[in-house]
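Okay, so here's the structure we're looking at.
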Amino acid sequence: MQLLFIHSDYIEYEAKEKTKVAEEIETSSERVEEVLVVFIAVEREDERNVNYVVDKAAEETISIFNKVGAERIVLYPYAHLSSELASPDKSVEILRALHDKLHAQGVEVKRAPFGWYKSFTLRCKGHPLSELSRKIKVLEGAEVKEVETESKALEAEEKAESHFFIMDGGGNLIAADDFEFGAEHENLKQFFVYESEKRRAVDRVPPHVELMKRLEIADYEPSSDPGNLRFYPKGELIKTLLEDYVRSTVAEYGAAEVETPIMYSVKHPALKDYIERFPARQYSMIGKGNKPDLFLRFAACFGQFLMSKDMSISYKNMPVKMFELAPSFRKEKRGELVGLRRLRKFTMPDMHTLCRDMEEALKEFKMQYELGMRVLDDIGFSPDEYEVAIRFTKDFYDANKTFIEDLVRIAGKPVLIELWDQRFFYFVLKFEFNFVDALGKASALSTVQIDVENAERYDIKYVDASGKEKRPIILHCSPSGAIERCMYALLEKAYLEKERGILPMFPLWLSPTQVRLIPIAERHLEYIESILPALSGLRVDVDDREETVSKKIRDAGREWIPYVAVIGDKEVEKKTLSVTIRSESHGNTKKGQKQEMDVLELKTRVEGEIRGKPFRRLPLSYKLSERVKFVGG
RNA sequence: GCCUUGGUAGCAUAGUGGUAAUGCGCCACCUUGGUAAGGUGGAGAUCGCGGGUUCAAGUCCCGCCCAAGGCUCCA
């Protein structure tokens with residue numbers, strides 16, 4: 001049976017003239033609104049298992065009916081969908097049965113007359129699900145199989161079939177549906193559910209969106225394109241620190257930093273493929289003749305591949321690693337954008353490694369896998385705060401079982417496995433570390449892919465020991481994932497911790513203010529000024545506003561400031577500080593954890609905690625009284 | 001692109017047909033303080049835009065614009 005579904009504003013049809021197989025009818029014309037129109041061709045093979053076909057067709061129809069939210073259904077016999085039609089008698093029987101079945105489920109359903117020449121007009125709604133087709137197949141014997149096709153042009157490329165498993169530390173591959181997640185692996189379960197269902201309807205704004213505004217990190221910019229955000233000084237500081245960190249970590253790893261253009265010609269043959277695959281997702285520059293002639297890059301791949309093509313590379317130089325902190329652009333559909341999680345303009349740390357062969361690629365892959373773990377740990381995510389996904393083709397797995405098992409062992413916990421029966425896009429193996437947020441949505445942070453296709457496409461080659469030109473294997477790696485996405489994950493993590501009674505905060509090295517000094521009265525300001533030089537090299541500010549001490553303490557808490565020191569007569573006299581340490585305080589008691597220490601002790605402690613991490617100075621006046629508010633209140 | 005919700009002072013919101021309200025922030029004054037919001041006063045709004053209904057519209061109707069969330073998607 002062939003089915004074509006069109007979610008329509010309305011359909012009008014009129015039976016004009018009988019064919020010789022026409023059924024008798026009462027009304028010859030009809031108009032139906034807010035309707036899911038189902039064009040149906042009943043096929044010869046359907047006669048073999050009428051009940052099955054009717055059940056299956058009803059099930060599909062109801063599912064689509066509910067998904068698109070139509071109000072009623074019209075079944076419209078449409079012989080032209082198939083060249084192997086069933087007999088008219090059987091067709092009518094099946095159509096009637098389908099009608100009755102749907103009717104029995106409480107759906108308002110009409111059937112257009114069978115065997116008439118009919119005129120019709122309908123208006124298709126035009127949303128992504130408004131046009132769908134289904135084929136219900138009856139195979140030999142009782143065996144049955146469904147084939148699903150989508151009519152959208154973008155999906156013309158056939159997707160490889162994929163299967164989800166969980167692999168445990170012992171290398172056992174368990175179908176994900178059968179895995180006992182238990183309380184221990186609740187997060188992994190959420191991740192799997194998100195991955196397999198790809199949806200999770202929630203009706204509230206993600207917590208990080210409110211936080212990014214309130215903490216003066218970032219905000220929407222109504223005058224730009226959606227997904228292009230503004231970053232306030234504190235947000236820009238955090239972003240820059242993360243960038244500094246990734247930059248130096250990757251440099252240490254041995255990658256050479258480069259810069260490549262952000263826009264490219266649509267005419268380049270290797271780039272054309274990409275653009276044609278995702279035409280609606282490019283920011284294009286319209287050139288002569290109203291046609292796009294340049295587009296903005298969605299990652300640093302092109303730039304680095306085009307550079308690699310012109311390099312002369314000997315096997316002795318390999319692996320060759322190139323890195324770029326790449327501002328990237330993807331014109332995601334309006335509804336896909338969410339706060340800092342999914343943007344149209346974002347900063348993608350993008351490293352490519354050219355390897356001699358698969359053996360070297362695997363060695364590098366494992367190192368970069370460990371690099372990703374280290375990077376996430378430094379940014380503030382321990383391994384139990386993200387979930388590992390490893391995805392590969394069946395062929396790759398058969399040839400590299402122990403390699404995969406090794407990766408799982410390094411993760412130290414069960415990981416989600418996706419197995420493709422054939423190669424999907426350009427890679428044979430990839431991993432991601434995924435963060436699951438407060439609403440149960442998963443997003444990839446670190447990721448590495450083994451690319452076996454682009455060296456050919458971009459004509460990248462190296463010379464091997466025997467003097468012959470060869471194609472390298474290319475690793476794509478983003479050790480942290482998009483910088484903005486790291487910020488999103490940090491905010492969501494803080495929110496989740498708050499829910500559990502932990503005071504939310506950023507890692508110390510990313511906190512805009514690391515130490516806040518609060519004078520009890522104006523006369524203590526002079527003393528504070530005198531100790532400031534001793535705290536240089538830290539981000540220290542002073543709440544010199546004319547407010548009560550209580551108010552200042554509260555405001556410091558609302559800003560998630562890690563160290564808050566109150567200074568009054570006692571401290572001036574004893575030359576000490578009364579420091580409230582946020583990380584040692586609890587959210588459920590109103591009392592902060594206070595500690596007496598002198599200036600040097602405080603400085604030593606903070607410096608110890610941020611050692612090895614990048615530092616930037618406070619981007620705002622150290623006096624709170626001089627600061628403007630970026631977000632209104 | 002589609003669906004849903006929303007657009008009222010710098011920000012967050014209340015306001016179901018009759019004088020635009022509250023909190024935060026801002027300004028001024030009082031208070032010079034000891035660990036999670038001190039007090040008083042003041043300024044600040046063509047209620048997203050355009051049309052319609054009505055004696056009267058922030059409120060009801062129509063059209064448009066903008067935003068967020070969801071669907072879909074994520075190279």
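Lettering follows sequence order; numbering is per chain, from 1. Only this structure's heavy atoms are used, side chains among them; waters, hydrogens and symmetry mates stay out.
Contact annotation for Gly557(A): no contact, since no heavy-atom pair falls under 4.0 Å across all strands. Residue contacts for Ser578(A): at a heavy-atom cut-off of 4.0 Å it reaches a base atom on one of the strands shown. Within the nucleic acid shown, Lys570(A) comes within 4.0 Å of at least one base atom, counting heavy atoms only. The residue Lys594(A) sits close to a base: some heavy atom pair falls under 4.0 Å. At the heavy-atom level, Val549(A) lies under 4.0 Å from the strands shown only through sugar-phosphate atoms. Heavy atoms of Glu216(A) sit nowhere under 4.0 angstrom from any nucleic acid atom. Within 4.0 Å (heavy atoms only), Asp555(A) reaches no atom of the nucleic acid at all.
Ion pairing between Arg485(A) and Glu492(A) fails under the 4.0 Å rule for side-chain N and carboxylate O.
Not a single donor-acceptor pair, N or O on each side, falls under 3.5 Å between the base of rA12(B) and the side chain of Glu210(A). One N or O donor and one acceptor, one from the side chain of Glu571(A) and one from the base of rG34(B), sit under 3.5 Å apart.
Ranking rA37(B), rC74(B), rA36(B) by closeness to the Glu332(A) side chain, first place goes to rC74(B). Side-chain atoms of Tyr426(A) lie closest to rA75(B) of the nucleotides rU35(B), rG25(B), rA75(B).
A tilted orientation is assigned to the rings of Trp560(A) and Phe506(A), their planes being inclined by 30° to 60°. The aromatic rings of Tyr488(A) and Phe435(A) sit perpendicular to each other, their planes meeting at more than 60°, with 30° as the lower class boundary.
Applying the ring-ring contact (aromatic ring centres under 6.0 Å, His included) test to residues at least two apart or on different chains, the pairs with a partner in residues 333-352 of chain A are Phe305(A)-His352(A), His352(A)-His476(A).
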Please convert RNA chain B into dot-bracket. A pair counts if it is Watson-Crick or G-U wobble with both distances under 3.5 Å; crossing pairs go in [ ] and bases paired with another strand get |. ((((((((.[[[[.)..(..]]]].(((((.......))))).....[[[[[..)....]]]]])))))))....
Contact list (N/O, under 3.5 angstrom) for nucleotides 63-68 of chain B vs protein:
{"unit_1": "rA68(B)", "atom_1": "OP2", "unit_2": "Arg334(A)", "atom_2": "NE", "d": "3.2"}
{"unit_1": "rA68(B)", "atom_1": "OP2", "unit_2": "Arg334(A)", "atom_2": "NH2", "d": "2.8"}
{"unit_1": "rA68(B)", "atom_1": "N7", "unit_2": "Arg334(A)", "atom_2": "NH2", "d": "2.5"}

Report all interatomic pairs (protein N or O, nucleotide N or O of nucleotides 30-32 of chain B) with separations under 3.5 Å.
{"unit_1": "rU32(B)", "atom_1": "O2", "unit_2": "Glu522(A)", "atom_2": "N", "d": "3.2"}
{"unit_1": "rU32(B)", "atom_1": "N3", "unit_2": "Glu522(A)", "atom_2": "OE1", "d": "3.4"}
{"unit_1": "rU32(B)", "atom_1": "O4", "unit_2": "Glu522(A)", "atom_2": "OE1", "d": "3.2"}

Atom pairs, N/O to N/O, protein against nucleotides 26-28 of chain B, distance under 3.5 Å?
{"unit_1": "rC26(B)", "atom_1": "OP1", "unit_2": "Lys629(A)", "atom_2": "NZ", "d": "3.3"}

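Here Lys574(A) pairs with Glu596(A) under the salt bridge (Lys or Arg N to Asp or Glu O under 4.0 Å) rule; sequence neighbours left out.
A salt bridge (charged side-chain N to carboxylate O under 4.0 Å, His left out) with Glu559(A) holds for exactly one of Arg214(A), Arg554(A), Arg516(A); it is Arg516(A).
Note that CZ of Phe65(A) is 10.5 Å distant from OG1 of Thr61(A), once rounded to the nearest 0.5 Å.
Open room surrounds CD on Glu526(A); 12 or fewer heavy atoms of other groups in view lie less than 6.0 Å from it.
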